[in-house]
Amino acid sequence: MATKFLNHNELEQIKGGLKMTYLGQLLFEDGRKEGRKEEQENTERER
């Protein structure tokens, strides 16, 4: 349906934006996992 309103270049730009958003989500999740791991290690050291 989008091809009715957007040309190839515009679709490629949107595709790139979505990839960056997905990449951003992956990086964010990696950061959260690393933070949880560090917090768990710090908690175990305190015991």
Side-chain angles (χ1 to χ4, degrees):
M1 178 147 167
T3 56
K4 289 183 179 182
F5 304 104
L6 303 170
N7 66 35
H8 179 75
N9 290 334
E10 292 168 325
L11 291 171
E12 286 296 323
Q13 287 178 331
I14 292 170
K15 179 181 167 186
L18 290 173
K19 282 185 178 180
M20 291 302 291
T21 300
Y22 180 67
L23 177 60
Q25 289 173 354
L26 290 176
L27 292 171
F28 181 78
E29 285 301 315
D30 285 350
R32 288 180 71 182
K33 288 176 187 175
E34 187 67 23
R36 288 181 186 143
K37 181 180 174 185
E38 288 178 11
E39 185 175 346
Q40 184 179 12
E41 290 172 356
N42 288 340
T43 302
E44 289 175 3
R45 281 190 219 140
E46 293 176 2
R47 290 183 183 174

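Values in this document were obtained by computation on a predicted structure and should not be read as measured data. Every heavy atom of this structure was used, including side-chain atoms; hydrogens, water molecules and symmetry mates were not.
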Give a yes or no on whether Glu41 atom CD has more than 12 heavy-atom contacts from other residues, nucleotides or ligands under 6.0 Å away.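 Check passes, neighbour count above 12.
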
**Asked** Has Gln40 got more than 12 heavy atoms of other residues, nucleotides or ligands less than 6.0 Å from its CD?
**Response** no

Where is the tightest heavy-atom contact between Arg45 and Asn42, given as atom of each residue plus distance?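 So the minimum-distance heavy-atom pair works out to NH1-OD1, 3.1 Å.
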
Separation of Glu12 CD from Leu6 CG (nearest 0.5 Å):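 Nearest 0.5 Å value for the CG-CD distance: 11.5 Å.
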
**Asked** Has the side chain of Glu29 got a donor or acceptor atom that lies under 3.5 Å from a matching backbone atom of Leu26?
**Response**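 Flag not set: sc Glu29 to bb Leu26 has no pair under 3.5 Å.
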
**Asked** Can you name the residues that form a side-chain contact (heavy atoms from CB on, under 4.5 Å) with Gln25, not counting sequence neighbours?
**Response**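 For Gln25, the residues satisfying side-chain contact (heavy atoms from CB on, under 4.5 Å) (neighbours in sequence not counted) are Thr21, Tyr22.
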
Applying side-chain contact (heavy atoms from CB on, under 4.5 Å) to Arg36 and not counting sequence neighbours gives Arg32

